Amino acid sequence: MKTHHYELLINWTGNTRNGTRTLRSYSRNHELSAAGLDTIAASSDPAFRGDPDRWNPEQLFLASIAQCHMLWYLGLAAEAGIVVTAYEDRPVGSMIEQANGAGQFESVTLRPRVTITPDSDAALAKSLHDRVGEYCFIARSVKTPIDHDVTVQIHAPRPPQQT
């Protein structure tokens, strides 16, 4: 068994002179960084007084689930002899907020659109998505239900152009 450690720096940049004197006296802006990587400008969701021009934790949560799923899927596809030539996902998540301000995600739906070569098995390509949850570190770490709405299409090679 291996243990992997991850370190980030989260730096709040939202002190607008008065600190957190009131809920309205400060910005939710902050930066996420890690050694050797570009900084991510982040804030809270605009519904919670955040900056709409910055990434928010809810988007990053959804992104981490979708990224992990994609990366494991590509690996499983390669092992199964499925040749993926394109992969796109437009994941969606629903979060409920309770009257006291607490909340949680109630669902995440990944909507991958996978393009494979004609010699690949489309049914197997689609079914591999169901196995990803057994491996994906993020999916195995969250309690939010994760569903898949998968589209598999066959890559149609272009006919040679005549001159």
Side-chain angles (χ1 to χ4, degrees), residues 1-10 28 30-48 50-98 102-162:
M1 190 152 71
K2 294 181 185 176
T3 301
H4 301 269
H5 298 279
Y6 301 92
E7 291 185 31
L8 300 173
L9 171 62
I10 299 174
R28 275 55 175 178
H30 56 281
E31 297 174 343
L32 307 174
S33 60
L37 297 175
D38 292 337
T39 298
I40 296 173
S43 190
S44 63
D45 183 298
F48 307 108
D51 184 339
D53 294 327
R54 292 173 170 247
W55 285 89
N56 66 57
E58 294 79 13
Q59 291 169 317
L60 294 170
F61 175 77
L62 187 59
S64 68
I65 292 170
Q67 287 174 279
C68 188
H69 182 92
M70 177 191 69
L71 294 168
W72 271 104
Y73 176 80
L74 294 173
L76 291 173
E79 288 177 350
I82 303 296
V83 180
V84 176
T85 59
Y87 185 108
E88 177 182 282
D89 192 356
R90 295 179 183 270
V92 294
S94 295
M95 186 182 78
I96 56 172
E97 182 185 356
Q98 298 167 344
Q104 68 276 338
F105 273 80
E106 66 178 355
S107 68
V108 167
T109 301
L110 305 179
R111 301 182 299 175
R113 183 178 190 89
V114 180
T115 304
I116 60 173
T117 58
D119 59 336
S120 295
D121 180 336
L124 178 57
K126 188 170 184 173
S127 72
L128 287 175
H129 287 277
D130 296 330
R131 291 191 45 218
V132 171
E134 300 169 25
Y135 300 97
C136 172
F137 308 136
I138 306 300
R140 290 173 50 94
S141 300
V142 300
K143 65 180 182 179
T144 304
I146 301 171
D147 296 311
H148 313 105
D149 181 9
V150 180
T151 301
V152 174
Q153 56 190 19
I154 307 297
H155 174 78
R158 291 184 181 169
Q161 291 191 5
Q162 296 177 345

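Note that the structure is predicted; figures quoted are calculated from it, not measured. These values consider heavy atoms only, across backbone and side chains, with no hydrogens, waters or symmetry-generated copies.
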Do any N or O atoms from the side chain of S120 and from the backbone of V83 form a donor-acceptor pair under 3.5 angstrom? yes
CG-NE2 distance between L110 and H129, expressed to the nearest 0.5 angstrom: 9.0 Å
Could you pull out the closest heavy-atom pair between L62 and G93, with the gap in Å? CD2-N, 3.9 Å
Relative to the ring of F105, is the ring of F61 parallel (under 30°), tilted (30 to 60°) or perpendicular (over 60°)? tilted
Can you tell me how far CD1 of I138 sits from CD1 of I65, rounded to the nearest 0.5 angstrom? 8.0 Å
Restricting to non-hydrogen atoms, name the atom on C136 and the atom on H69 that form the minimum distance, rounded to 0.1 Å. SG-N, 4.0 Å
Find the distance between OG1 (T85) and CD (Q153) and round it off to the nearest 0.5 Å. 8.0 Å
For residues R111 and D89, report the shortest heavy-atom separation together with the two atoms involved. N-OD1, 2.7 Å
I need the minimum non-hydrogen distance between I154 and P118, along with the two atoms involved. CG2-CA, 3.5 Å
Does the side chain of Q98 come within less than 4.5 Å of Q104's, by heavy atoms? yes
Can you tell me how the ring of Y73 sits relative to the ring of Y87, calling it parallel under 30°, perpendicular over 60° and tilted otherwise? tilted
Taking the side chain from N56 and the backbone from S43, do they hold a donor-acceptor pair closer than 3.5 Å? no
Using 0.5 Å steps for rounding, measure from the CD atom of E31 to the CZ atom of R54. 6.0 Å
Between H5 and T3 (side chain of the first, backbone of the second, donor and acceptor by atom type, cut-off under 3.5 Å), is there such a pair? no
Report yes if some heavy atom in the side chain of F48 is under 4.5 Å from a heavy atom in the side chain of E97; otherwise report no. yes
Find the distance between CG (L9) and OG1 (T39) and round it off to the nearest 0.5 Å. 8.5 Å
For L76 and R131, run side-chain contact (heavy atoms from CB on, under 4.5 Å): C-alpha distance rounded to whole Å, both residues' side-chain angles, the deciding distance at 0.1 Å, then the answer. CA-CA 8 Å; L76 291 173; R131 291 191 45 218; 4.0 Å; yes
I82 and V114, any side-chain heavy atoms less than 4.5 Å apart: no
More than 12 heavy atoms of other residues, nucleotides or ligands under 6.0 Å from CG of D119: yes or no? yes
Are the side chains of L8 and L32 in contact, using a 4.5 Å heavy-atom criterion? no
Side chains of R113 and R90 in contact at under 4.5 Å (non-hydrogen atoms): no
Donor-acceptor check, side chain of S44 to backbone of G50, threshold 3.5 angstrom: yes or no? yes
Heavy-atom count around L37 CG within 6.0 Å, excluding the residue itself: above 12? yes
